[in-house]
Amino acid sequence: MSSTKPIYGKELSEIVQDSFLNLNVIDRSNFPAVNMRFFEIIAARGLELCSAGPEIQGTFIDKAHLLYFTSQENLADTVQYAFNNKDKMEEIKKVSQQMLCEKHLYKHRVETLISLISNLK
């Protein structure tokens, strides 16, 4: 599929779900944190292959919630690992989405902010 237009919403979700692996490269504008695509891929029930970001690696664990890469060489090895372990990749998708829904939705962020603000009073 070739496209020159941005893809959003339902169309993006369908592409993520239909893809075996979804690459997310964290650039300098987000590092050491992650971008919104980090959460969007998981929310869309995709398997994420993401450049390692120290701020989130302790929460979303490599080979438990998604796959991380740290270099070009490591990227190739990680892709091969994914193809060699397809059953494990299905489990990773389920576990990551469950964790996202339980702890990392916008409502959780808002609840945290309200709690912090309430404690300032």
Side-chain angles (χ1 to χ4, degrees):
M1 173 188 213
S2 176
S3 176
T4 57
K5 67 177 179 76
I7 300 169
Y8 302 104
K10 185 177 179 186
E11 186 178 8
L12 173 63
S13 180
E14 289 171 352
I15 290 169
V16 167
Q17 287 178 42
D18 290 343
S19 301
F20 174 68
L21 203 51
N22 295 273
L23 180 63
N24 183 10
V25 178
I26 307 300
D27 65 17
R28 292 182 205 181
S29 66
N30 289 99
F31 189 84
V34 294
N35 54 22
M36 289 310 302
R37 185 62 42 123
F38 181 90
F39 298 101
E40 292 167 350
I41 290 170
I42 296 170
R45 295 184 173 95
L47 175 60
E48 184 162 1
L49 173 56
C50 185
S51 45
E55 188 172 89
I56 200 79
Q57 283 179 276
T59 304
F60 285 85
I61 308 299
D62 186 38
K63 295 184 178 77
H65 302 110
L66 70 160
L67 302 172
Y68 289 111
F69 68 94
T70 56
S71 66
Q72 287 182 340
E73 295 78 20
N74 176 255
L75 174 60
D77 291 342
T78 304
V79 169
Q80 189 61 54
Y81 172 81
F83 279 100
N84 290 342
N85 295 281
K86 290 182 179 178
D87 289 341
K88 169 98 172 138
M89 298 307 107
E90 287 301 314
E91 181 63 25
I92 286 173
K93 289 192 309 188
K94 290 175 188 172
V95 169
S96 65
Q97 187 180 43
Q98 180 180 358
M99 186 163 108
L100 180 87
C101 291
E102 289 175 359
K103 299 180 181 179
H104 297 280
L105 299 176
Y106 282 122
K107 78 175 197 163
H108 300 117
R109 303 291 188 258
V110 170
E111 289 167 354
T112 299
L113 286 172
I114 289 171
S115 175
L116 290 170
I117 291 168
S118 295
N119 289 333
L120 292 175
K121 295 179 181 181

* To do: Quick one: list whatever passes ring pair (Phe, Tyr, Trp, His ring centres under 6.0 Å) with Phe31, sequence neighbours left out.
  => none
* Taking atom CD of Gln72 as the centre, does the number of heavy atoms from other residues, nucleotides or ligands within less than 6.0 Å exceed 12? -> no
Set of residues satisfying side-chain hydrogen bond (donor to acceptor under 3.5 Å, both in side chains) with respect to [X], sequence neighbours excluded:
| X | answer |
| --- | --- |
| Ser29 | Asp27 |
| Asn119 | none |
| Glu111 | none |

Applying side-chain contact (heavy atoms from CB on, under 4.5 Å), can you list everything that pairs with [X], at least two apart in sequence or on another chain?
| X | result |
| --- | --- |
| Leu113 | none |
| Asp87 | none |
| Ile61 | Ala64, His65 |

* Kindly say whether Gly9 contributes a backbone atom to a donor-acceptor pair with the side chain of Ser13 at under 3.5 angstrom? => no
* What pair of heavy atoms forms the shortest contact from Val16 to Ala44, and how long is it? -> CG1-CB, 3.7 Å
* **Euclidean distance, Leu12 CG relative to Ile41 CD1, rounded to 0.5 Å** => 8.0 Å
* Go through Lys10 and Glu14 one step at a time and tell me if the side chain to side chain contact (heavy atoms under 4.5 Å, CB included) criterion holds. => CA-CA 6 Å; Lys10 185 177 179 186; Glu14 289 171 352; 3.0 Å; yes
* Asked: Hey, is Glu91 close enough to Lys88 for a salt bridge, meaning N to O under 4.0 Å?
  -> no
* Scan for side chain to side chain donor-acceptor pair (under 3.5 Å) pairs involving residues 46-63, sequence neighbours excluded, and state none if there are none. => Asn24-Glu48
* To do: Determine whether Ile26 and Ile42 fall in the same hydrophobic cluster, where Ile, Leu, Val, Met, Phe, Trp and Tyr are linked whenever their side-chain heavy atoms lie under 4.5 Å apart.
  => yes
* Asked: Is there a path from Leu100 to Ile56 through hydrophobic residues (I, L, V, M, F, W, Y) whose side chains come within less than 4.5 Å of each other?
  -> yes
* Asked: Among pairs that include at least one residue of residues 99-121, which meet ring-ring contact (aromatic ring centres under 6.0 Å, His included), considering only residues two or more places apart or in two chains?
  -> Phe60-His104
* Structure fact -> Using a 4.5 Å side-chain heavy-atom cut-off and chaining through intermediate ILVMFWY residues, the residues clustered with Leu49 come out as Phe20, Leu21, Leu23, Val25, Leu47, Leu67, Phe69, Leu75, Val79, Tyr81, Phe83, Met89, Ile92
* Other ILVMFWY residues reachable from Leu120 by side-chain steps of under 4.5 Å -> none
* To do: Hey, could you give me each pair passing salt bridge (Lys or Arg N to Asp or Glu O under 4.0 Å) that has a residue in residues 31-43? Not counting sequence neighbours.
  => Arg37-Glu40
